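Notes follow the structure.
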2 protein chains.
Amino acid sequence: MKFKTIAVFFTSLLACSISIAQTNMPLEDFKPSSTNQSGKQFPQVNSERCVRTSISAPEAKKVQLDIGGVKYDLVKDDKGVWTGESAPQDEGFHYYQLNIDGVSVPDPGTKYFYGAGRWGSGIEIPASDQGFYALENVPHGMVSENIYFSKITNSFRRCFVYTPAGYEKETKARYPVLYLQHGSFEDETGWSAQGKANLILDNLIAAKKAVPMMIVMDNGYAYKPQSGEPVARPASVFEEVMINEIIPMIDAKFRTIADREHRAIAGLSMGANQTMRIIMNNLDKFASYGGFSGTSNYPSSDPIDPATFLDGKFNDGVAFNKQIKVFWLGLGTKEPNPFPGSVGAFRKMLEKQGIKYVFYESLGTAHEWLTWRRDLNEFAPQLFK
Amino acid sequence: MKFKTIAVFFTSLLACSISIAQTNMPLEDFKPSSTNQSGKQFPQVNSERCVRTSISAPEAKKVQLDIGGVKYDLVKDDKGVWTGESAPQDEGFHYYQLNIDGVSVPDPGTKYFYGAGRWGSGIEIPASDQGFYALENVPHGMVSENIYFSKITNSFRRCFVYTPAGYEKETKARYPVLYLQHGSFEDETGWSAQGKANLILDNLIAAKKAVPMMIVMDNGYAYKPQSGEPVARPASVFEEVMINEIIPMIDAKFRTIADREHRAIAGLSMGANQTMRIIMNNLDKFASYGGFSGTSNYPSSDPIDPATFLDGKFNDGVAFNKQIKVFWLGLGTKEPNPFPGSVGAFRKMLEKQGIKYVFYESLGTAHEWLTWRRDLNEFAPQLFK
């Protein structure tokens, strides 16, 4: 088994990499990526899911494509244009960058996304199931930027709010709300830009697979104003901001159905951890939960003692099942440690407690956006029914 | 006079540039730019309005800061970090980039903006009057992304729509609309990202200097679907899209006051040219116009014959003055050719025809966003009164 794994790994690594072996030529059906800037020919993706990038840099000594944790050397032609390919990538969206003589910079060919702690390049590898997040000729909701002043953090913050098609015209209709959070080193832009949450909901609602709902996407980083010595890891006040500032603002500004049955909360990775704590501490506010690639026992894979975990919130399975309408977990089959172990330990605890939940596996995807797009596509139809 | 001009030019160019003359040290009160990515220390701006950038590139041979049409050499320290400064820049927002061994790339320190035909770095030089576009603790409107399918272009398009504070709550109120267009090599993101149109209106409305209004910001590039041989410069159908698709969509979706007295149109540079044609061809749709750094005789500075210019639309000054509520032109005092000559020739024609108009000069700014922010700040209060 071990040998087989290594063999697969090497085949994969070499498949498109002409810089490693000239005998392994990539399939020449490359097309510009859908995340390219208007009119830009590179980067490109072929049907083997290899990424080809190209940049004119006559004076550079070394140019690399840095994607999926691997740096691929590009090759310079006689005009000074560097070109090269990555190994096959997983389907879906990936962050990446170029490295020019040792400096990591965004690829001037792509649009930019906030993730991995910086605004940088992203690339879309067409997925076999990409229709569910495609821009289709269906009624489209709107994504609105909402700026607000947070007294708790003494700072301006913002959230993006998805309102479904029809919200503007049907001025008496009220809507349920999903609060949807990003992961670590991401921000409030992630779910609409990389996550395509608006397009996923547009398509689900048009197909009558999900009820019309609002989605609120805020920033999971929130800290009290610092006084005195700066602290390396200040305590998060995001839960306080969510409960005392964001929800009241959304309920005051928008036509929501402002009760727990019509409020759900979900998040990915760090956001899954945060939002699980928030719902379990505020069961009067939310009735449904989605944890995408994360649970609040992260990063531990140890067995969970429900008597003590999250102050015993999972200790009474019968009461839990009565209170929670939807408890939903998702995970990609290619996620790295510690996610499978951590989520697995959490599921064992749920099962031991007799807690009803849904578990969804995203086939062939890792700790990345296609996993989370699929999660949202599976989770949203369960809500508010 | 000529000598004096040259002397000023050289002083200006050398003021911050330690790479040119070590004796001209910049004033060491640099602060990170407001357009930096969260947590990034560079680029910085000092009180002389010089830009300092810094990047670790131990293996690079040459790194330059490319801003305002000038490339400034950075200097490498013994740790491989390249640092250097530009000459003083005009107040306001500027696009710029880094050049690493001959390759132009975005600066990894900044957020990215669409302008000059690409997503790239931008920097904000604090302006003496920056309060009018500052993020203040006043009621904030929302900026919404609206996706629509255009039959005329057979493509998905989008516009950003500013709705003023209170729009969501006051579900019976109806609002006037300003259609506001970007310039060449920019897009529908420009007016809210670089232009700060939403913050300018938030502040004007809070101070009761402008009436609550909506702003619609669409993309000025629109072409019929191409068939047969590709054409280098296809004819624009933007006017058709505006009149037959955008306005009906906005009036159907939002609570607008859908008559000409409550509809204005304005644009900057290319957008000023486009929107002047649109209003003059559609006086049943619009009653007010703003032309920021542009007019429809661009790029000509020749005297205009009102009998033939734009099909004689300016020929009858008396009728014009009855039909148009606000006709407004703005220009920066440092704008390059052909703008002063072209706008000047247009103004002469207006005056010859006895046409009432407002002319505003932005002091010390060129063909850049601070000119256009100021224009909007002066223009919006004139509307819908």
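Keep in mind the model is a prediction, meaning the values are calculated, not measured. In what follows, chains carry the letters A, B, and so on, assigned in the order in which the sequence lines appear, proteins first and then strands, with residues in each chain numbered from 1.
Aromatic ring centres of B/Tyr114 and B/Trp119: separated by under 6.0 Å.
Under the 3.5 Å distance criterion, with hydrogens and angles disregarded, a donor-acceptor pair is assigned to the side chains of B/Thr189 and B/Asp187.
Residue B/Thr163: no heavy atom, backbone or side chain, is found under 4.5 Å from chain A. Neither the backbone nor the side chain of B/Glu170 has a heavy atom closer than 4.5 Å to any heavy atom of chain A. Neither the backbone nor the side chain of B/Asp107 comes within less than 4.5 Å of any heavy atom in chain A. Looking at A/Tyr167, the atoms closer than 4.5 Å to chain B (heavy atoms on both sides) all sit in the side chain, from C-beta outward. Interface residue B/Arg255: only side-chain heavy atoms are found under 4.5 Å from chain A. Neither the backbone nor the side chain of B/Lys172 comes within less than 4.5 Å of any heavy atom of chain A. For B/Ile55, the part lying under 4.5 angstrom from a heavy atom of chain A is the side chain only.
With hydrogens and angles disregarded, no donor-acceptor distance shorter than 3.5 Å links the side chain of B/Thr153 to the backbone of B/Ala222. Of the possible donor and acceptor atoms, one in the side chain of B/Gln37 sits under 3.5 Å from a partner among the backbone N and O of B/Pro108.
Between chain B and the options A/Leu98, A/Asn198, A/Leu135, A/Ile100, heavy-atom pairs under 4.5 Å are most frequent for A/Leu135.
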